[in-house]
A.B. asks: 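Okay, handing you the structure first.
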Amino acid sequence: MTHGQFPYIRGRRLRANAALRDMVAEHHLKPTDFIAPVFVMEGENKKEEIASMPDYYRYTIDLLVDEIRELQDEGIRSVLVFVKVPEQKKDNEGTEAINPEGLMQRSVRAIKDEFPNMLVMTDVALDPYSSYGHDGIVRDDEILNDESVEILSEMAVSHARAGADIIAPSDMMDGRIGAMRTALDEADFKNIGLMAYSAKYASSYYGPFRDALDSAPGFGDKKTYQMDPANAREAIKEAQLDEQEGADIVMVKPGLPYLDVVRAVKENVSVPVSVYNVSGEYAMLKAAAAKGWLNEEEAMMEALIGFKRAGADLIATYFAKAAAKVLNEN
Ligand code: PBG
């Protein structure tokens with residue numbers, strides 16, 4: 001007795017060995033898909049492991065350069081820079097964010113001096129600089145939009161002046177992409193790109209990152225500017241608006257709980273789509289692997305190919321170096 005097309009059609013034929021499986025694989029990962037986030041701190045000759053991110057470190061600029069050499073040796077071509085700002089330099093306006101001698105600006109210069117071909121992306125938001133730990137300026141418990149966009153645009157220009165290749169605004173203020181595009185153009189940075197965190201959700205998965213930078217909000221949460229996890233159509237609206245305002249790349253963040261959003265955005269914009277496999281996703285996998293509950297390498301590669309399958313062109317991930325190593329060995 002036959003059931004439908006069986007036994008003539010057998011899905012297992014194409015799964016019989018590695019050569020067949022590789023030949024028909026619909027998606028592939030390569031080291032150039034990855035954007036490696038890096039955390040920088042003040043000082044010299046120091047590296048500190050981030051408690052909630054095993055095997056991930058904050059570096060002083062001198063040691064960061066060595067780390068970037070390792071990334072480059074594994075074929076990674078882009079890094080996304082975050083800085084841990086000393087407490088005494090924080091204020092409500094995030095003034096330190098536009099200091100030409102600030103930690104971010106010095107980090108960018110140091111990386112570009114040593115590795116001119118490494119693409120340097122910089123995070124633009126006030127939280128690491130804000131005494132309130134919010135992404136914009138605070139007044140009467142409100143996160144001001146238009147006033148914040150002004151300083152964020154200055155921040156973007158300041159990063160470009162330091163040598164950044166791509167500016168990555170993660171603040172979720174309305175209208176910031178258009179404002180930054182104008183500010184960059186007026187400062188003669190017409191070819192400096194914008195990677196917009198377009199669909200950035202108010203997520204508990206950012207917890208370990210906030211430990212890394214000591215940037216947790218001092219009051220309230222980020223729900224008046226970051227998106228509601230219940231919404232997907234709104235992500236399309238945000239991504240399309242950013243595309244119209246001049247974003248060169250749009251991003252969805254976090255990653256694993258939002259793969260449907262990656263797919264939806266991919267189908268509704270024509271710029272490249274990037275996804276951020278955030279700190280909490282890294283922490284979960286590392287914790288389970290440390291307990292022997294998951295095979296770390298396999299679970300990592302499975303998550304990363306999942307992003308490609310969902311439609312991501314680029315993946316910002318704390319696994320960048322480890323995954324590139326796996327790819328280079330095979
Ligand atoms: C800053 C910013 C955050 C992340 C990237 N940029 C934290 C936040 O918005 O609170 C999170 C990254 C991660 O968790 O890996 N605006």
A.B. asks: Is the Tyr258 ring parallel, tilted or perpendicular to the Tyr201 ring (thresholds 30°, 60°)?
C.D. replies: parallel
A.B. asks: Rounded to the nearest 0.5 Å, what's the gap from OG1 on Thr224 to CD on Glu142? Could you check?
C.D. replies: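 It comes to 7.5 Å.
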A.B. asks: Any chance the rings of Phe39 and Tyr57 have centres within less than 6.0 Å?
C.D. replies: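 Ring centroids of Phe39 and Tyr57 are no less than 6.0 Å from each other.
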A.B. asks: Please work out which of the three classes, parallel, tilted or perpendicular, describes the rings of Tyr276 and Tyr318, given edges at 30° and 60°.
C.D. replies: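 The arrangement is tilted - the two ring planes meet at 30° to 60°.
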A.B. asks: Name the one of Val38, Leu103, Thr122, Asp123 that satisfies side chain to side chain contact (heavy atoms under 4.5 Å, CB included) with Val83?
C.D. replies: Leu103
A.B. asks: Report yes or no: do Val24 and Leu20 belong to one cluster of Ile/Leu/Val/Met/Phe/Trp/Tyr joined by side chain heavy-atom distances under 4.5 Å?
C.D. replies: yes
A.B. asks: Check Asp171 with Arg176, please: is the shortest side-chain N to carboxylate O separation under 4.0 Å?
C.D. replies: yes
A.B. asks: Minimum heavy-atom separation for Val275 to Pro254, with atom names?
C.D. replies: CG2-O, 4.4 Å
A.B. asks: Hey, is Glu67 close enough to Lys47 for a salt bridge, meaning N to O under 4.0 Å?
C.D. replies: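 No, Glu67 and Lys47 are not salt-bridged.
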A.B. asks: If you define the side chain from C-beta out and look only at heavy atoms, does anything of Lys253 sit under 4.5 Å from Val278?
C.D. replies: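 With C-beta onward as the side chain, the pair touches.
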A.B. asks: Can Lys90 and Glu87 be counted as an ion pair, charged N to O under 4.0 angstrom?
C.D. replies: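 Looking at Glu87 together with Lys90, the answer is yes, because their closest N to O distance falls below 4.0 Å.
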A.B. asks: Could you tell me whether Lys222 sits above the aromatic face of Tyr225, with NZ or CZ closer than 6.0 angstrom to the six-membered ring centre and within 45 degrees of the axis?
C.D. replies: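 Negative - Lys222 is either too far from the ring of Tyr225 or too far off its axis.
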A.B. asks: Measure the spacing between CG of Asp211 and NZ of Lys84 and express it to the nearest 0.5 Å.
C.D. replies: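 Nearest 0.5 Å value for the CG-NZ distance: 10.5 Å.
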A.B. asks: Within a strict 4.5 Å, meaning less than it, do heavy atoms of the Ile151 and Ile98 side chains meet?
C.D. replies: yes
A.B. asks: Between Lys286 and Glu296, is there a side-chain N and carboxylate O pair less than 4.0 Å apart?
C.D. replies: yes
A.B. asks: Do Asp313 and Lys308 sit within salt-bridge range, that is, some charged N less than 4.0 Å from a carboxylate O?
C.D. replies: no
A.B. asks: Taking NZ, NE, NH1 and NH2 as the nitrogens, is one of them in Glu114 or Arg109 under 4.0 Å from a carboxylate oxygen of the other?
C.D. replies: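 Result for this pair is no, no salt bridge flagged.
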A.B. asks: Decide side chain to side chain donor-acceptor pair (under 3.5 Å) for Ser270 and Glu243; before the verdict, give the C-alpha distance in whole Å, the side-chain angles of both, and the deciding distance to 0.1 Å.
C.D. replies: CA-CA 8 Å; Ser270 48; Glu243 187 178 30; 3.0 Å; yes
A.B. asks: May I ask you to say whether Arg263 pairs ionically with Glu267, meaning some side-chain N is under 4.0 Å from a carboxylate O?
C.D. replies: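 A salt bridge is present here (some side-chain N lies under 4.0 Å from a carboxylate O).
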A.B. asks: Does the side chain to side chain contact (heavy atoms under 4.5 Å, CB included) test come out yes or no for Asn295 and Met300, once each step is laid out?
C.D. replies: CA-CA 8 Å; Asn295 176 311; Met300 164 180 82; over 6 Å; no
A.B. asks: Strictly by modelled atom types, are Gln105 and Ser158 linked by a side-chain donor-acceptor pair under 3.5 Å?
C.D. replies: yes
A.B. asks: With hydrophobic residues grouped by side-chain heavy-atom distances under 4.5 Å, do Met284 and Phe209 end up in a single group?
C.D. replies: yes
A.B. asks: Just wondering, do Gln240 and Asn268 contact through their side chains at under 4.5 Å, heavy atoms?
C.D. replies: yes
A.B. asks: Mind running salt bridge (Lys or Arg N to Asp or Glu O under 4.0 Å) on Arg58 and Glu42 for me, showing each step along the way?
C.D. replies: CA-CA 10 Å; Arg58 275 184 298 261; Glu42 293 285 4; over 6 Å; no
A.B. asks: Would you compute the distance between atom CG of Asp127 and atom CG of Asp135 and round it to the nearest 0.5 angstrom?
C.D. replies: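 Here the rounded value is 4.0 Å.
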